[in-house]
Each structure stands twice: as C-alpha cells, then as structure tokens.
Amino acid sequence: MEQKRNYYITEKPLDPSPLIQQVIRPEAGAVNTFIGTVRELTEGKRTLSLTYEAYKSMAEKKLEQIGREIEAENKDSRVAIAHRIGKLDISDIAVVIAVSSPHRDASYKGSRYAIERIKEIVPIWKKEHWEDGSEWIGDQLEQTAYNEKGPEEGTS
Amino acid sequence: MEQKRNYYITEKPLDPSPLIQQVIRPEAGAVNTFIGTVRELTEGKRTLSLTYEAYKSMAEKKLEQIGREIEAENKDSRVAIAHRIGKLDISDIAVVIAVSSPHRDASYKGSRYAIERIKEIVPIWKKEHWEDGSEWIGDQLEQTAYNEKGPEEGTS
Amino acid sequence: MITIYFFAGMKEAAGTPQMTWEIEETTVKNIREKVKETYPQLHQAEFAMTAVNEEFAGNDETVRTGDTVAFIPPVSGG
Amino acid sequence: MITIYFFAGMKEAAGTPQMTWEIEETTVKNIREKVKETYPQLHQAEFAMTAVNEEFAGNDETVRTGDTVAFIPPVSGG
C-alpha cells in the first residue's frame with residue numbers, strides 16, 4: 001500500500017490526510033503541510049492541464065533523501081512527501097509535504113526546505129498544456145538554464 | 001454546517017481536509033497548512049490531556065479578522081482557520097490553519113502570521129492536565145505576564 | 001443591565017461564568033472595581049484585558065445597558 | 001550492457017524512453033558521445049545532468065555493464 005510509505009510517487013489523486021497522520025506523534029506539537037496545486041494562470045497564460053513525468057525509482061529515493069536531510073538538521077522532525085504524476089487538471093494536488101516537529105519553527109523551516117529541494121534534485125518534469133500548444137517546463141535547450149534559473153514559478 | 005465556514009470553533013475532532021479544500025482554487029498554486037497537535041512533553045513535563053475553552057463568538061470573529069489581515073496583506077490569499085475546544089488527548093488536533101495563494105511564499109508567510117496572531121488576540125485558553133495537577137496556561141496572576149511573555153511554547 | 005463574562009482561571013476563581021450589573025451607563029474601569037468588590041478573590045480583574053461587545057476595549061470605554069463585557073486573561077490557544 | 005534512460009523532452013526528442021549499449025566499461029562522458037551519435041537531435045545529451053544507478057554522477061564516473069544511466073533535464077516538479 002503506497003499510502004503507508006512516507007515517500008512516494010503516485011498516479012492517483014493525492015489526499016493530504018494520510019501523510020499528515022503519518023507524521024503526527026506524541027512528541028510533536030506542530031505539523032506544517034505544503035500542498036502544491038495546479039494553477040490556472042502562470043504569468044497571464046492560461047493552463048488547461050499539466051502532465052508530470054518522473055524517473056520514479058530515483059525520485060522516491062530523492063524524496064526520502066530530502067526527508068533525511070530535514071531530520072538530520074532537526075532530529076525531532078518527521079517528514080512525509082508524495083508527488084503525483086500523469087495528467088493533472090486545474091486545482092488538482094501535485095505535491096504534498098508534511099513535516100512534524102515539537103515546535104512550530106522547525107516544522108515551517110523543514111516544509112519550506114523540502115519544496116525548494118524538490119525543485120532542485122528530484123527527477124520530476126512538468127509539461128504545461130495551453131490552448132496553443134504544450135511545453136516541458138525547465139527542459140531548456142541552453143546549458144545556462146541550470147545556472148540562471150531563478151526560483152521556480154511552477155505550480156506553487 | 002460548521003464545516004462550510006472558513007472560521008470556526010468546534011468541540012468535534014478537527015479534520016484538515018475540508019479546510020484545505022475550502023482554500024484551494026484555480027488562481028492558487030500553493031496551500032500552506034499549519035496543524036497544532038497536543039504534545040505529550042513540554043519542558044520535560046508529561047501532559048495527560050488538555051482542556052481548551054473559548055469565548056466562542058468573539059474567538060470566531062478574531063479568527064476571521066486574522067484571515068482578513070492576511071488577505072489585506074496579500075489580496076490573492078485565501079484563509080480558513082478552525083480551533084477545537086473541550087478535552088483533547090495527546091496527538092489530537094487543536095488548530096488547523098490553511099492559507100492558499102498563487103505562489104508559495106505568501107502561503108508560508110500567511111500561515112505563520114496566523115498562528116502567531118492566534119496566540120496574541122484570539123480568546124481561547126488552554127488548561128494542561130498533569131499527573132500532579134492542572135493549570136490554565138497563560139493565566140498568570142502578575143500583570144507583567146502580558147508584557148514579558150515570550151513566544152508561546154504551547155501545543156506548537 | 002450589563003452582562004460580564006469570566007473565562008478560564010477567572011471563571012474558576014469566581015465560581016461562575018458571568019455576573020450582571022443593573023446600571024444604565026458606566027466605564028470599563030468602573031466595571032473592574034465592581035467585579036473586585038463582588039469577587040475579592042478575582043485579582044485578575046485589576047489587569048486582565050477586556051472586551052466590550054466582543055471587541056477589545058480599554059479602561060475609558062463607555063459601557064451601556066445591554067452591552068456585554070468580557071474579561072480576557074492572557075490567551076493560550078493555538 | 002548499459003541501459004540509458006531518457007525523460008520528458010529528451011524522451012520525446014529521441015522517440016524512445018531508453019537505449020542500450022553493449023560495452024563492458026566506459027564513462028559518463030563517453031555515454032554522452034554515444035547518445036549524440038545515435039540521436040543527433042538530442043542536443044540536451046551534451047549538458048543535461050546524469051545519474052548512474054539512480055544517483056547523480058559527473059562526466060568522469062565509470063559506468064560498467066549492468067549499470068543504468070539516466071539523463072536528467074532540468075527538473076520541474078513541485
């Protein structure tokens with residue numbers, strides 16, 4: 001059952017609740033959850049739908065690595081992350097991150113770290129579909145794309 | 001149905017999902033959720049349970065005020081907040097905050113603002129029950145309690 | 001008549017969640033005095049924050065018959 | 001045999017999600033060359049990040065038979 005794992009890629013609709021439940025525990029008083037959904041407008045352009053593709057086995061390892069990094073930084077944090085792939089419609093949930101910790105500071109910090117890190121190291125790609133075409137986002141032809149890319153302005 | 005409102009005080013167990021659903025919308029790509037749960041240990045002392053009491057009508061107004069403050073700061077944010085009252089056991093959810101916005105920065109900022117503000121202006125009180133007694137937290141007898149209190153180290 | 005609410009530790013110390021005062025018009029400051037006269041054990045009435053009709057209000061605020069006044073000890077929700 | 005994976009835009013440009021190379025031992029650098037020979041349209045093979053056996057690896061990394069090499073164009077999840 002993939003819902004029992006803390007780090008997974010799935011083609012099914014994502015429900016934040018089981019991920020939240022997996023990190024709630026007696027020692028924790030705070031759970032921060034970040035949910036990325038499919039936004040209709042990006043820089044004024046209307047998105048019809050998205051397709052996410054993943055190098056699934058590596059992506060799950062990298063999600064787990066991110067969780068370990070957060071737990072190494074704050075040993076009392078617990079992390080669960082799931083990312084959906086396949087075709088997503090507007091407002092569908094693409095990613096859910098849940099980080100619990102005894103105090104709220106660490107939960108916010110860990111959750112924020114996770115979403116930034118996902119956008120750096122997890123092999124998942126997004127294709128945007130518009131009325132006039134579609135494009136893989138981030139898949140630039142110029143080598144400089146790696147160095148010059150600013151904060152991702154994708155789904156979240 | 002209190003689950004259809006964006007700001008409410010309830011005696012029933014809190015489920016984050018309906019609050020998250022209430023702020024998801026096509027314009028938003030990010031939802032940050034903060035969940036405060038009952039922590040077993042606070043400064044080494046074992047809590048058995050908590051009792052929350054609220055000045056319910058005013059508390060709901062103040063939760064809504066906090067939401068309006070966040071939406072005034074970032075007009076594209078949407079906010080939902082619920083707080084549970086009555087007797088809560090370890091790991092029970094005491095508060096759920098959900099803030100959606102087009103980009104993730106504003107969702108984190110709004111969610112953080114909400115929990116800090118709740119601890120300042122919302123008339124809700126917590127009584128901790130330990131093996132050797134119980135006490136209303138924050139309900140100090142000294143006037144200085146208002147001025148000198150640092151960051152609340154309550155459930156979250 | 002003005003209705004005065006107590007919560008949390010103040011409610012327990014007063015032994016009641018509320019009291020009433022038959023008066024046409026007064027101030028928050030006078031209500032603090034009235035509460036201290038009625039419940040001498042309620043030390044918090046001296047300094048706890050107050051709300052009139054569910055909005056925070058200071059000592060000089062006028063309170064009229066029909067209004068509700070609540071004592072708000074330091075909050076601890078969240 | 002080494003298995004080489006393509007994803008997203010590279011997969012579409014190659015027209016296939018993978019290719020194989022019958023060789024005992026080589027380097028990531030040589031695999032880039034091999035891919036460019038096989039699919040000249042795959043400009044990204046020049047600079048895309050690479051992973052060997054699901055871990056990021058640089059051009060000097062040795063690749064042996066049985067290993068998998070993946071081209072990782074700039075990611076855009078989240």
Side-chain angles (χ1 to χ4, degrees), chain A residues 9 34-38 50-66 81-85 88 94-97 114-128 134-149 151-156, chain D residues 1-21 28-33 35-64 66-78:
Chain A
I9 304 292
F34 180 79
I35 296 164
T37 57
V38 178
L50 295 183
T51 306
Y52 281 99
E53 179 178 322
Y55 181 11
K56 190 176 171 180
S57 52
M58 180 173 170
E60 291 183 339
K61 280 188 187 177
K62 289 293 155 190
L63 293 180
E64 180 161 0
Q65 175 187 324
I66 292 168
I81 310 174
H83 203 297
R84 187 174 168 193
I85 55 172
L88 275 72
V95 62
V96 176
I97 297 162
I115 184 64
E116 303 300 336
R117 204 81 172 109
I118 285 169
K119 289 168 183 287
E120 285 173 2
I121 66 161
V122 181
I124 300 175
W125 300 271
K126 173 173 66 179
K127 191 176 196 175
E128 294 206 358
S134 62
E135 195 179 313
W136 286 101
I137 305 302
D139 189 10
Q140 308 298 321
L141 293 179
E142 296 78 30
Q143 181 161 13
T144 51
Y146 275 115
N147 306 319
E148 294 183 6
K149 75 173 173 180
E152 267 284 338
E153 294 296 332
T155 55
S156 49
Chain D
M1 187 183 82
I2 292 161
T3 306
I4 301 161
Y5 292 130
F6 307 124
F7 295 97
M10 287 186 74
K11 182 172 80 177
E12 290 182 0
T16 177
Q18 66 183 80
M19 63 174 274
T20 56
W21 189 12
V28 167
K29 179 97 187 83
N30 289 338
I31 286 172
R32 289 190 193 274
E33 296 306 319
V35 167
K36 283 191 289 181
E37 274 174 40
T38 313
Y39 301 103
Q41 74 276 28
L42 272 192
H43 312 288
Q44 303 105 314
E46 179 75 27
F47 55 79
M49 289 169 74
T50 45
V52 175
N53 299 331
E54 305 176 358
E55 277 301 332
F56 289 109
N59 277 340
D60 298 337
E61 187 89 359
T62 301
V63 183
R64 295 184 180 81
D67 287 347
T68 58
V69 176
F71 282 84
I72 314 281
V75 303
S76 50

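Below, read A as the first sequence line, B as the second, and so on, with proteins coming before strands; counting in each chain starts at 1.
Rounding to the nearest 0.5 Å places CD of Glu54(D) at 9.5 Å from CD of Glu60(A). Between the NZ atom of Lys127(A) and the CD atom of Glu12(D) there is a distance of 3.5 Å, given to the nearest 0.5 Å. With values rounded to the nearest 0.5 angstrom, Phe56(D) atom CZ is found 3.5 Å from Met58(A) atom CE.
Looking at residues two or more places apart in sequence or on another chain, you find a side chain to side chain contact (heavy atoms under 4.5 Å, CB included) between Ala114(A) and Ile66(A), Ile70(A), Ile81(A), Ile97(A). When the side chain to side chain contact (heavy atoms under 4.5 Å, CB included) test is applied to Ala14(D), the partners found at least two apart in sequence or on another chain are Phe6(D), Thr16(D), Tyr39(D), Leu42(D).
Considering every non-hydrogen atom in both Pro74(D) and Gly138(A), the closest pair reads CB-O, 2.7 Å. Counting all heavy atoms, side chain and backbone alike, Ile121(A) lies closest to Val75(D) at N-CG2, 4.3 Å.
Contacts between Ala54(A) and chain D at a heavy-atom distance below 4.5 Å involve the backbone alone (N, CA, C, O).
Tyr52(A) contributes no side-chain N or O that, together with a main-chain N or O of Ser76(D), makes up a donor-acceptor pair within less than 3.5 Å. Using modelled atom types, one side-chain atom of Trp125(A) and one backbone atom of Pro73(D) make a donor-acceptor pair closer than 3.5 Å.
Two residues are said to be in side-chain contact when any heavy atoms from C-beta on lie closer than 4.5 Å; Lys11(D) and Trp136(A) fail this criterion.
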